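Please read all numbers here as calculations on a predicted model, not as lab measurements.
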Amino acid sequence: MLTGDIPPNQTIYIKNLNEKVKKEELKRSLYALFSQYGRIMDVVALKTPKLRGQAWVVFMEVTAASNAVRQMQNFPFYDKPMRIQYAKTKSDCVAKEDGSYDKKKKLEEKAERKQRAEEAQQSSRANGATAENGGSAAPFRQGKPSVKETVAPNNILFIENLPYEATSMMLEMLFQQYPGFREVRMIEAKPGIAFVEFEDDQQSSMAMQALQGFKITPQNPMTITFAKK
DNA sequence: AGCACA
């Protein structure tokens, strides 16, 4: 198994990400793509030589992380299959919430890492380039509070939290700009939801990433998940 | 391949 014997963690570790994607865009897309599994506390991505092509997505619940690990395993994202595991350690933002965050310990760890890096540098007798990268607060958006059932990626999107005023025409305008768009389906008897069909699951996922949380009215950020087949 | 919090 890809996850090896790493115990479940509310944070998932993703590798084999496309390194050409800019950090902010990557974080936004990961946020949009994974928020269908539950509320996300933080997304961390660094572009340092050691950490490029990897990211951490911190969920509020472990169950959300578990579903994400299973369902999105190997899913093509910017043309590369994502490799997903549980993170090996607790994320800082989680430690801060549960009170176990220890600033002193954190600094020690940082110093140790630095030390290690310098040793490696010396022993190799080589001078390499150093890359540093800034980055700040993770995006926060409204999402579903509760745990979701697991749904594998597919070509049909399920849209929730639409305002009453929303029409299929409006949704069509919104979704038709993404390649592979087929149709919008709304059900008279069920206001507030819609189904949007694409040709394949990669195209539907691109639209999901682009429109996740989109507000038709200020009070209604739409929630997009893959439809149950 | 690579597990951090700039």
Side-chain angles (χ1 to χ4, degrees), chain A residues 1-35 37-124 126-141 143:
Chain A
M1 188 104 133
L2 245 167
T3 54
D5 36 14
I6 303 165
N9 189 312
Q10 76 193 82
T11 303
I12 57 171
Y13 167 72
I14 310 167
K15 61 183 178 180
N16 197 41
L17 292 169
N18 190 325
E19 299 180 8
K20 284 174 288 197
V21 183
K22 307 240 192 349
K23 189 174 61 173
E24 285 314 317
E25 180 187 340
L26 181 69
K27 284 165 79 169
R28 257 199 8 255
S29 293
L30 287 171
Y31 190 98
L33 186 65
F34 281 99
S35 56
Y37 293 102
R39 194 92 155 92
I40 291 172
M41 290 173 64
D42 199 7
V43 176
V44 175
L46 292 285
K47 291 269 247 175
T48 57
K50 301 280 143 32
L51 295 170
R52 49 192 301 139
Q54 301 150 78
W56 290 261
V57 176
V58 188
F59 289 98
M60 297 257 275
E61 301 102 357
V62 187
T63 52
S66 302
N67 289 338
V69 169
R70 287 202 309 271
Q71 301 291 350
M72 296 306 281
Q73 195 62 258
N74 301 324
F75 186 74
F77 186 63
Y78 293 106
D79 300 320
K80 299 187 71 182
M82 291 192 278
R83 304 273 125 92
I84 313 175
Q85 303 170 353
Y86 291 114
K88 285 181 182 161
T89 57
K90 188 190 285 189
S91 296
D92 282 1
C93 69
V94 174
K96 279 169 185 161
E97 294 255 314
D98 70 17
S100 65
Y101 187 75
D102 183 345
K103 202 171 231 169
K104 219 163 278 175
K105 191 169 166 205
K106 209 66 213 176
L107 290 176
E108 285 168 16
E109 284 169 7
K110 199 153 215 167
E112 197 180 315
R113 273 201 302 272
K114 193 174 178 184
Q115 181 74 29
R116 205 143 299 203
E118 274 159 14
E119 282 167 11
Q121 185 82 346
Q122 288 199 331
S123 67
S124 77
N127 35 2
T130 48
E132 211 53 46
N133 215 330
S136 56
F140 268 89
R141 228 175 279 176

Criterion side chain to side chain contact (heavy atoms under 4.5 Å, CB included) on A:Leu33 and A:Met82, from CA distance to verdict: CA-CA 12 Å; A:Leu33 186 65; A:Met82 291 192 278; 3.7 Å; yes

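- No donor-acceptor contact under 3.5 Å links the side chain of A:Gln85 to the base of B:dA1.
- Counting non-hydrogen atoms of other residues, nucleotides and ligands closer than 6.0 Å to NZ of A:Lys106 gives a total above 12.
- For A:Glu19, the listed nucleotide lying nearest its side chain is B:dA1; candidates were B:dC5, B:dA1, B:dA6.
- Atom NZ of A:Lys50 and atom P of B:dA4 are 11 Å apart (whole Å).
- Taking atom CD on A:Gln10 and atom P on B:dC5, their separation rounds to 18 Å, with Å as the unit.
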side-chain hydrogen bond (donor to acceptor under 3.5 Å, both in side chains) assessment of A:Lys80 paired with A:Asn16: CA-CA 7 Å; A:Lys80 299 187 71 182; A:Asn16 197 41; 3.2 Å; yes

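- The CE-P distance, from A:Met41 to B:dA4, rounds to 19 Å in whole Å.
- Between A:Lys15 atom NZ and B:dA4 atom C1' the separation is 15 Å, expressed in whole Å.
- Only one option out of A:Lys88, A:Arg83, A:Gln54 pairs with A:Tyr13 in a side chain to side chain donor-acceptor pair (under 3.5 Å); it is A:Gln54.
- Contacts of residues 87-97 of chain A with DNA chain B (heavy atom under 4.0 Å): A:Ala87, A:Lys88, A:Thr89, A:Lys90, A:Ser91, A:Asp92.
- What separates OH of A:Tyr101 from C1' of B:dC5 is a distance of 7 Å, to the nearest Å.
- Atom CG in A:Leu17 sits roughly 14 Å away from atom P in B:dC3 (whole-Å rounding).
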side-chain hydrogen bond (donor to acceptor under 3.5 Å, both in side chains) between A:Tyr37 and A:Thr63, worked out: CA-CA 9 Å; A:Tyr37 293 102; A:Thr63 52; over 6 Å; no

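- Annotation for A:Asp98: atom CG counts as buried by contact number, over 12 foreign heavy atoms lying within 6.0 Å.
- Counting only heavy atoms from C-beta on, A:Leu46 has its side chain closest to B:dA6 among B:dC5, B:dA6, B:dC3.
- Counting to the nearest Å, the C1' atom of B:dA4 and the NZ atom of A:Lys27 are 11 Å from each other.
- Here B:dA6 presents its P atom at 19 Å from CZ of A:Arg52, a figure rounded to the nearest Å.
- Of all the heavy atoms in A:Ala68 and A:Ile84, the pair that sits closest is O-CD1, 3.9 Å.
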